[in-house]
2 protein chains.
Amino acid sequence: MATISDVAKLAGVSVSTVSRIINNKPHVSPRKAALVADAMTKLGYSPLQAARQMRGSGSQTIAVTVPYITNPFFSELVAAIERTADERSYKTVIVQTFGQKSHELNALEFLKTNQVDAVIMCAIENDWDLIKQYSQYGLIGVCNEYVADPDVLMVHADQESGMYAGTKYLLNRGYRKLAFCTGQQDIRFNDNIEDLNSDRYRGYLRALREFDLEPSVEWQFTDVSTIADGQRVLQRIASMKDRPDAVIAGSDQVAAGIIAEAQTLQLKVPQELAVLGFDDQPLSQVVAQPLTTIHQPIHEIGDAIANMVADELEGDTIDTRQVIMPLSVVVRQSVA
Amino acid sequence: MATISDVAKLAGVSVSTVSRIINNKPHVSPRKAALVADAMTKLGYSPLQAARQMRGSGSQTIAVTVPYITNPFFSELVAAIERTADERSYKTVIVQTFGQKSHELNALEFLKTNQVDAVIMCAIENDWDLIKQYSQYGLIGVCNEYVADPDVLMVHADQESGMYAGTKYLLNRGYRKLAFCTGQQDIRFNDNIEDLNSDRYRGYLRALREFDLEPSVEWQFTDVSTIADGQRVLQRIASMKDRPDAVIAGSDQVAAGIIAEAQTLQLKVPQELAVLGFDDQPLSQVVAQPLTTIHQPIHEIGDAIANMVADELEGDTIDTRQVIMPLSVVVRQSVA
DNA sequence: TTGTAGGCGTTATCAC
DNA sequence: GTGATAACGCCTACAA
């Protein structure tokens, strides 16, 4: 493990000169620069991160928080972010929160201790007021989440319009008895809350009301997010006397579970029950009835936030700090 | 940011006493210990990693390398490892290699610079001889890969037997014209190589030979690993004059792609073409014909390697350094 | 049992 | 343009 003074010694200069060159600061003669560059490669030298961190220098590293990396939506998102970060020569560390505030705080602590220059939050567990305090230690970007703060770098899709379009599509096709699934624990909707799920619910309501319909409490399913959850949803639907004629799954995972279980229970999709997915993941093409779903531009979202964060880190002026990506319905076969 | 000397000052003791308490070393009076504990919580103090790293102390962090986090097999594996590491109070950082040697080396460099105490490699890109050199800086565990070195901590599934069982199952059901898919670039099989793919191929051959069959070069597909790859495989099969009657997909992803494309091309599974998956992921239950596949105990594998690594880090003596998990065929509907 | 002092590798400040 | 030197926060001999 060569150190900076090893390099200095070999190049016949002082450590400060080497340091200047490493961090390409001015006031260095080309001659010595060459000498040092030579010594560095000869020794295979690279600066020790830990020492830099102690000095409070940058780490060229970005942390990304996600709830669960096993959720394909997030693994794709992380992959996109990491790919772009890589191009900009930033390293990436992935932090799973498992929906726990403490894990999220761990990631934020990285900022405090200079382990990372920025954190991109693809899920938010703690109150924003708490999180915001960490921005004195480094940059915080928000991705796929909502924060009512015009200063933060934020990229997300237009969930309201997306869900509105999806619901409208079902309505236009003649469906009237719509079931609604959400990943959240309970539908705590109110007009003041700005978050992904409320936004989706808002879009759902807007479409419904255009048809003078009200949401049915009976047909609302909360806390569903996996394939297995989808299977359970369909079982409950199948056992109802008054069944919905369509179900808004909230994710392709859930939609896939619903369709698979429908198949085993011999319930015909879309004839007896239409299923609308969300995300448009590869999965949506391989289920028994390929999913009509709402396409999310995951890679564009990831690229955008990563580039914005990198820009800000490099001191570039950023014109728009918040970008909202459009969502659109992809028609396949799970809706008639 | 409270430092150790802030704590010392507040507690009215010296920094060394605080340090001893933090690292629960002997020779501390309970009275002072209480004082210090008090001061620590009052200040919200936590030791700065960077400073510890510079001293060469442990980081309580384990790096995990995977080729692509978007591959559900690996995201599940990582999740299992992280969960167990978390229980043992180790932090985890995920490093994607993207199949590139340089990215893998990055993870290994973490060892050198004390950023992590251990790295668990779930994919191996570089030569083992090169990798092994890094074990002077920290612990290296191997997961889901093969290394001919009795000293290394290693956990993987018995791919040979798994593939043998799967192939045998097809053979026993009367299939004789077996196609074979693999994720590797080309089938460079030889008896000396010990790796996951060779091992699988070995199992495939063993079963074939029991039926006096030879592998068909015509029906071997290399470099296939995604759903889209699977779709392409089916297209090629569909266009053949002499078609296989069964295909060993190598992964559930590929199997799902094959089945989806078969559906659009109106080719009946399993009547006209049987499909055997590998992994037994949730996906395998939602395709048009639920997959007959080979179950991999992903969580057990992840738990095992994480526990072994944690044990070794904590100086426990380890009885068996290599564990091989059994694989078994799960019968569903993609094979008649 | 406790405290003091030195050093880990780097960068920034100050002289020259 | 260049080079000493003092921090950064922590741990560990060594001394008391």
Side-chain angles (χ1 to χ4, degrees), chain A residues 1-37 39-40 43-61 109-117 136-138, chain B residues 1-40 43-61 109-117 137-138:
Chain A
M1 280 286 297
T3 74
I4 195 172
S5 43
D6 295 333
V7 176
K9 207 168 300 168
L10 182 58
V13 301
S14 74
V15 289
S16 359
T17 302
V18 178
S19 179
R20 284 196 198 82
I21 289 165
I22 294 169
N23 304 287
N24 43 97
K25 297 262 166 84
H27 310 310
V28 274
S29 71
R31 204 177 56 82
K32 300 220 166 184
L35 246 39
V36 169
M40 291 207 299
L43 261 45
Y45 166 80
S46 75
L48 221 203
Q49 269 311 323
R52 292 187 143 175
Q53 284 171 210
M54 255 199 21
R55 301 273 326 148
S57 315
S59 59
Q60 292 289 311
T61 304
E109 285 293 324
F110 285 172
L111 277 181
K112 217 180 194 173
T113 58
N114 289 312
Q115 312 228 62
V116 304
D117 296 340
Q136 59 181 298
Y137 304 114
Chain B
M1 280 286 298
T3 75
I4 195 172
S5 43
D6 295 333
V7 176
K9 209 168 299 170
L10 182 59
V13 302
S14 75
V15 290
S16 30
T17 302
V18 178
S19 178
R20 287 206 248 320
I21 289 166
I22 294 169
N23 304 286
N24 42 98
K25 295 264 165 83
H27 310 310
V28 273
S29 70
R31 204 178 54 82
K32 302 222 167 186
L35 247 38
V36 169
D38 214 47
M40 290 206 300
L43 263 42
Y45 167 80
S46 74
L48 189 61
Q49 267 311 321
R52 294 187 140 176
Q53 284 171 211
M54 257 198 25
R55 299 270 319 133
S57 313
S59 59
Q60 292 288 308
T61 305
E109 286 292 324
F110 284 170
L111 278 181
K112 218 179 192 174
T113 58
N114 289 311
Q115 313 227 64
V116 303
D117 296 341
Y137 303 114

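A note on names: the letters A, B, ... follow the listed sequences, proteins ahead of strands, and every chain is numbered from 1.
- The side chain of H27(A) lies closest to dT2(D), out of dG9(C), dC11(D), dT2(D).
- Of the candidates dT5(D), dT10(C), dT2(D), the closest approach to any side-chain atom of T17(A) belongs to dT2(D).
- Within the 4.0 Å cut-off from OP1 or OP2 of dT1(C), not a single side-chain nitrogen or oxygen of S29(B) is found.
- For the pair M54(B) CE and dG9(D) C1', the interatomic distance rounds to 8 Å; values are reported in whole Å.
- Here Q49(A) contributes atom CD and M54(B) contributes atom CE; the two are 12.5 Å apart, rounded to the nearest 0.5 Å.
- Separating the CG atom of N114(B) from the P atom of dC11(D) is a distance of 13 Å, rounded to the nearest angstrom.
- For Q115(A) and dC8(D), the CD to P distance is 19 Å, given to the nearest whole Å.
- Residue contacts shown for S19(B) include a base, since a base heavy atom lies under 4.0 Å away.
- Residue-to-nucleotide contacts include a donor-acceptor pair under 3.5 Å from the side chain of S16(B) to the base of dG3(C).
- Comparing R55(B) and S5(A), the nucleotide of DNA chain C nearest to each residue sits closer to the 5' end for R55(B).
- Nearest nucleotide to the N23(B) side chain, out of dC11(D), dT2(C), dT10(C): dC11(D).
- Atom NZ in K112(A) sits about 18 Å away from atom P in dC8(D), given to the nearest Å.
- For the OP1/OP2 pair of dT2(D) and a distance below 4.0 Å, the side-chain nitrogens and oxygens of K25(A) include no atom meeting the criterion.
- To the nearest angstrom, C1' of dT5(D) lies 13 Å from CZ of R20(A).
- The side chain of S14(A) places an N or O atom within less than 4.0 Å of a non-bridging phosphate oxygen (OP1 or OP2) of dG3(D).
- In this entry the distance linking CE of M40(B) with P of dC10(D) reads 11 Å, nearest Å.
- Between the CG atom of N114(A) and the CG atom of D117(A) there is a distance of 8.0 Å, given to the nearest 0.5 Å.
- Regarding K9(A), its NZ atom lies at a distance of 13 Å from the C1' atom of dG9(C), rounded to whole Å.
- No donor-acceptor pair under 3.5 Å is formed between the side chain of S19(B) and the backbone N or O of T17(B).
- A distance-only check finds a donor-acceptor pair linking the side chain of D6(B) to the backbone of T3(B) [under 3.5 Å].
- Put simply, CZ on R52(A) is 19 Å from C1' on dG9(D), counting in whole angstrom units.
- Judged by distance alone, with hydrogens and angles left aside, the side-chain atoms of T61(B) form a donor-acceptor pair with the main-chain N or O of S59(B) at under 3.5 Å.
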